[in-house]
Amino acid sequence: MPRSPASIFAGIAALAAGAVALALVLQHGFGMEPCAWCTFQRVIFLAVAAAALLAAALAAVRPAFVVAGALAVLLAAGGVWAALHQQFVASKAESCAYTFADRFLLRTGLDERFPALFEATASCADANAPLLGLPFAAWSAALFALLCLASIGALRAGFRKPR
């Protein structure tokens with residue numbers, strides 16, 4: 001049975017928010033300390049969740065639905081880039097200091113306002129620890145790719161004519 005675009009976007013929002021919740025459990029419950037790129041990806045996951053919720057809420061208003069859905073697609077694609085950058089570039093560096101992710105967090109003040117969520121407490125090399133045999137950044141990239149594809153699918157479903 002086909003799902004409505006609104007329900008698909010609601011699921012995308014739940015999955016993106018769930019990724020952040022899992023990261024927080026791993027950090028605060030199991031000692032997996034995040035780097036600047038890890039916490040930057042949390043920002044992107046939350047932005048994808050917000051855009052997807054907006055698309056779900058505005059599914060009946062086509063122009064707003066398209067804008068919010070396209071934003072979810074673009075944010076998720078940006079998340080793929082951030083995760084792959086962490087995996088192949090940042091994790092090879094000694095420090096994440098003064099990288100794009102670090103500057104973003106410092107300029108927005110998110111790390112000071114919400115330290116339990118956005119404070120980077122590890123280097124990029126240390127933070128990319130394996131989880132079930134795969135580096136954490138690889139899991140993140142895969143989830144962002146899934147969110148991107150699901151958002152594209154939800155947008156396409158919004159353009160299909162009901163029978």
Side-chain angles (χ1 to χ4, degrees), residues 3 5-57 68-69 71-154:
R3 305 245 180 224
S7 66
I8 296 170
F9 273 120
I12 290 166
L15 194 55
V20 175
L22 177 61
L24 291 172
V25 167
L26 291 172
Q27 176 186 351
H28 298 291
F30 297 95
M32 284 186 76
E33 297 299 321
C35 68
W37 283 97
C38 297
T39 55
F40 180 62
Q41 288 170 66
R42 292 177 186 182
V43 172
I44 300 172
F45 274 122
L46 293 174
V48 168
L53 279 178
L54 191 59
L71 183 60
V73 170
L74 292 173
L75 287 164
V80 171
W81 170 80
L84 291 177
H85 180 82
Q86 178 188 359
Q87 176 63 33
F88 295 111
V89 178
S91 67
K92 310 293 188 253
E94 288 293 318
S95 171
C96 300
Y98 305 111
T99 63
F100 174 80
D102 187 52
R103 289 190 318 265
F104 174 86
L105 293 166
L106 289 172
R107 286 191 180 129
T108 60
L110 288 171
D111 59 335
E112 289 181 6
R113 280 183 252 162
F114 308 102
L117 185 57
F118 298 118
E119 183 179 29
T121 54
S123 73
C124 290
D126 293 336
N128 201 22
L131 177 67
L132 301 176
L134 287 176
F136 205 76
W139 285 107
S140 185
L143 182 55
F144 276 123
L146 176 67
L147 295 171
C148 186
L149 292 173
S151 295
I152 291 168

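Counting begins at 1 with the first residue of the sequence.
- Here the side chains of S140 and F45 are in contact, with some heavy-atom distance below 4.5 Å.
- Put simply, CG on L46 and CZ on F118 are 5.0 Å apart, with the number rounded to the nearest 0.5 Å.
- Going from atom CG of L105 over to atom OG1 of T39 covers 4.0 Å, rounded to the nearest 0.5 Å.
- Looking at every heavy atom in both residues, I44 comes nearest to G78 through CD1-O, 4.2 Å.
- Between atom CG of residue L146 and atom OG of residue S151 there is a gap of 9.0 Å, rounded to the nearest 0.5 Å.
- Between A72 and A52, the shortest heavy-atom distance links the atoms CB-N, 4.3 Å.
- Proximity of a side-chain donor or acceptor of R113 to a complementary backbone N or O of T108 within less than 3.5 Å is detected.
- Of all the heavy atoms in A145 and V80, the pair that sits closest is N-CG2, 3.4 Å.
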task: Take L75 and L147 through the test side chain to side chain contact (heavy atoms under 4.5 Å, CB included) and record every step on the way to the result.
output: CA-CA 9 Å; L75 287 164; L147 295 171; over 6 Å; no
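- Residues L54 and F9 are not in side-chain contact: their nearest non-hydrogen atoms beyond the backbone lie 4.5 Å or more apart.
- Taking the six-membered ring where the residue is Trp, W37 and F100 present tilted rings, their angle falling between 30° and 60°.
- Between A6 and A56, the closest heavy-atom pair is O-CB, 3.4 Å.
- Here the CG-CE distance, from L24 to M32, works out to 12.5 Å after rounding to the nearest 0.5 Å.
- With values rounded to the nearest 0.5 angstrom, T121 atom OG1 is found 11.5 Å from D111 atom CG.
- Residues T99 and F40 form no side-chain contact, since every pair of their non-hydrogen atoms from C-beta on lies 4.5 Å or further apart.
- Nearest approach of A13 to A49, heavy atoms of both residues: CB-O, 3.5 Å.
- Note that the CZ atom of R42 and the CG atom of L110 stand 12.0 Å from one another [nearest 0.5 Å].
- Residues L117 and V20 have side chains in contact (heavy-atom distance under 4.5 Å, counting atoms from C-beta outward).
- When all heavy atoms are compared, the tightest approach of H28 to A116 is NE2-O, 2.8 Å.
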